[in-house]
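Contents: one structure, followed by commentary.
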Amino acid sequence: MAFIVELTSRSGRVLERHRITEDRFSVGRGFDNRIIVADPYVDVHHCVVEAPQHQVEGAGEGETEGEVGSEGGRGRESSWRVIRVPGATAVHVNGRRLDGADAALASGDTVVLGRTHLRIFSPDHPVESVQVFDRVEQFFASLATPQGIFWSVLVFLLVVLADLFFRSWSELEFAAVLQEVFGTIGLTLGWAAFWAVVARISRGEPRFFHHWLVAAMTAVLGIVGTFLIDVIAFNTASLDARDFLSRLLTGICLAFALTLNLRFSIRQGIIARHAWAQGVAWAIVGYGILAWMQWESFFAGTPSYEGTVLPEIWRVAPAVSAETFVGEGAGLFDFPQEEAGKEAEGG
Amino acid sequence: MEEESQIAFALAFRTPHFPIATGRAYHAWNRDTQTRDGGHSVMRCKRVLQLVALGYFSLFDLLTVAFAQTDAQVLFESAGGNVYQILIIEAESGNKSAIGSGFRVAGSDLIVTNFHVISGALHKPKKYHIETLDSAGKRDKAALVDFDVIHDLAVIRREGEAGGGIVIAASEVQKGESVFALGNPFDLGQTIVPGTFNGLLERSFYQKLLFSGSLNPGMSGGPALNGSGELIGVNVATSGNQISFLVPAKYLTALLDKVNQSTTALAEDQYRAELARQLDADQAYKFALLLNLDWPTQKLGEMQVAGEVSAYFKCWGNTSDDEKLLYRLTESACTSEDTIFLSDTLQTGAIDYQYGWTTSADLGSLRFHRLLSESYARMFTRNPAGEDDVTNYQCRTQFVADSNDPDIVYRTVQCVRQYKAYPALYDVLFLSVMLGNHRKSLSSHFALSGVSRENAEAFTRKFMSLATLSPAPLSLSRGES
């Protein structure tokens, strides 16, 4: 019997790897342990991992293999066990704290002592083509199955078609629908292709479908977000509210898409976390620049009224009388004095 | 309105004109007199024969032409010396940036032209100055004395000349009388254009004379004379096809009286204050007139809306009839024809209001209101003002309950921008859309430019009280389909 033991970082990066040929090994800070960890939160003797004591060697390796990885395959007495040394601090197995003195263990399980993460495998544990420890990656990877692709495409198409339907006031023609759908799909595919190329250049994994998913999700976020903004703007007294919110939404969509794409483009690990921060930072900076340009130096010859009418059922704000409306509008006639003065000088 | 700045554009697209029959006669005649010397009577007979042979017009037309021609010749000889070309010279290049025409008033050294001709020199006196070019080809500097921006008149002074000049007609001109406009179209040289006086423009805040003759860019500010060579108006604008407009001489008389009463000309730093004063007085006059009227209403869909509030407005209507559309939109749009030219970019004084009645049997509630939003988004004033002229719009929106039926609620928007050089004046936009029913809705809109705050508020009140008037209670149940 043998074990492969990996010491990993919290995010799953392998720091050390040990091959153990004995049936049993101990972990702790002390030098007499089989696996010595330099972690102040780990006890001198912290835990012991052992193969089944009463396993019949002659039963054949095939049976042992079948048992590995399938939790409790043939009963508790036949599985690996992790035993906490009496008096040692907590031991967590797969995120759950060990209540008793020991627990069953399967190949691939994670054991946490103090701040040390161990993963324990049997030597014949199947090696995954890509090791994914990141939750976002896991989510996208789970969608990258035939079923996942089918449902993602379906939801995306439904949202695009619903949006088209709500924006059309004539009989929908087949050609127009095709144009809209292919137009939007084309855009998202272009975006995905771009990032796949970027990823290839930066020596990462292209993962085209992940990039496409991000683009499609961004498009859906934009469509749904716009509607929510309409509802908010409908109930505010300022036309600028909609402007502000739609720019914010644009920023959020950009941050969302850029961050995830950076994450996929650059391989996971520490850089991915930096990429997230960078994506957000760029979106905020970019938004700030755009907003500043819009508010400070752009001259809008016409005001924007878009999206301010919704069915009355969405109205939360109260209605006032015409007299109140005119009275409260008095503030509109007050403009900063300096502007007028500046122009007069320039004459 | 015709503007000198459009000359280059107009020249670039100038094509040979072949208008109506009498026009052809003039063309033919003038070409002939240019190419031959002497022998007028022989030549005239020859032309007549040619024209009759060509079958262009009747003998009656021919006689009219012959008489008009004589009058024009005499008038051109007597008055031509008092007509000038007005040039706006750009200081750095030393070349003209705009041209117009002007004329000397009898017994003074004052030259009259249009405000829009000299507006560049008024707004940017350091960059532009005014020069005059007389019929003898002599160029002199001239200084701005006074102006009437509302009626588009300006008076400039050319040093060292008095005597001669054009006399202002004492009697009123009659409809159908022959009128002769002088000026320098397209910088081609002095011309005289005969035409017919066709009465006062009745549907306008500012009286104008309708002149059926061809005014062209460059003739602005030139005199229009009656058969005796007396001034009846000043060339100001054209709508093409012999529809031209003159400023009545009485406004010039008023301006000249004002000039004569004051001892000194306006100083450069007084121009802006004087412009502000004239604009403010004008909007006060116009709005006092409008607000005191009882606005007539007309039916639009199931609503009563303002019709032609006064004769100064012209209303136009249209209904969308594309069968593929799932809605019908009936629109009524009313505009006042009068705008005041302040500069190339700032043209104020317009008052517009419009209504749209949208109905649909097929659109769901969300789609119907989204449609309203869309039609809501295309509103603006006719003032093409730029960043230097006005501030950005400040807007607010609110739900407003109908004064007659509180169950009806309108989504209402008001936007205001201020004139940078005239802080008491604003452009005001107003919009409201009726909510509560996704089968039918009324949207109301008005745009005022160059209005004071008080008048804008009074107008808004009056407009809101009117547009909300419904003749029969509307069925507002939301579930209705």
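All values derive from a computational prediction rather than experimental measurement.
- Side-chain contact between A:Phe333 and B:Gln418: absent, with no pair of heavy atoms (C-beta onward) separated by less than 4.5 Å.
- Put simply, CD on B:Glu323 and OG on A:Ser170 are 13.0 Å apart, with the number rounded to the nearest 0.5 Å.
- For a residue to count as touching a neighbouring chain, one of its non-hydrogen atoms must lie under 4.5 Å from one of that chain's; by this rule B:Arg370 touches chain A with backbone and side chain alike.
- Among residues 360-369 of chain B, the residues having any heavy atom closer than 4.5 Å to a heavy atom of chain A are, in sequence order, B:Leu363, B:Ser365, B:Leu366, B:Arg367, B:His369.
- With contacts defined as side-chain heavy-atom distances shorter than 4.5 Å, the pair B:Ile408/A:Glu312 does not qualify.
- Interface remark: A:Glu328 contributes backbone and side-chain atoms alike to the contact with chain B (heavy atom separation under 4.5 Å).
- Looking at B:Arg411 and A:Leu310, their side chains never come closer than 4.5 Å, going by heavy atoms from C-beta outward.
- Heavy atoms of B:Ala385 lying under 4.5 Å from chain A belong exclusively to its backbone.
- Side-chain atoms of B:Glu374 and A:Trp169, non-hydrogen and from C-beta on, do get closer than 4.5 Å to each other.
- In B:Trp295, the CH2 atom is crowded: over 12 heavy atoms of neighbouring residues, nucleotides or ligands sit closer than 6.0 Å.
- Of all heavy-atom pairs between B:Val416 and A:Phe335, the closest is O-CZ, 3.3 Å.
- Heavy atoms from other residues, nucleotides or ligands lying under 6.0 Å from CG of B:Asp321 number 12 at most.
- The number of heavy-atom neighbours closer than 6.0 Å to CZ of B:Arg328, taken from other residues, nucleotides and ligands shown, is 12 or below.
- With rounding to the nearest 0.5 angstrom, the CG atom of A:Leu332 is 10.5 Å from the OH atom of B:Tyr426.
- Heavy atoms of B:Val433 lying under 4.5 Å from chain A belong exclusively to its side chain.
- Heavy atoms of A:Ser168 lying under 4.5 Å from chain B belong to its backbone as well as its side chain.
- By the 4.5 Å heavy-atom criterion applied to side chains, B:Leu435 and A:Phe234 are counted as neighbours.
- Cation-pi geometry between B:Arg396 and A:Phe325 is satisfied (NZ or CZ under 6.0 Å from the ring centre, within 45° of the ring normal).
- Contact count versus chain A (heavy atoms, under 4.5 Å) is highest, among B:Gln398, B:Glu457, B:Arg453, for B:Arg453.
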What's the verdict on side chain to side chain contact (heavy atoms under 4.5 Å, CB included) for A:Asp334 and B:Gln394, showing C-alpha distance, side-chain angles and the deciding distance? CA-CA 9 Å; A:Asp334 297 328; B:Gln394 289 188 2; 5.7 Å; no

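- Using a distance-only test at 3.5 Å, with no hydrogens or angles considered, a donor-acceptor pair links the side chain of B:Thr397 to the main chain of A:Thr236.
- With contacts defined as side-chain heavy-atom distances shorter than 4.5 Å, the pair A:Glu323/B:Met464 does not qualify.
- Heavy-atom distances place both the backbone and the side chain of B:Thr412 under 4.5 Å from chain A.
- Of all the heavy atoms in A:Pro318 and B:Phe399, the pair that sits closest is O-CB, 3.8 Å.
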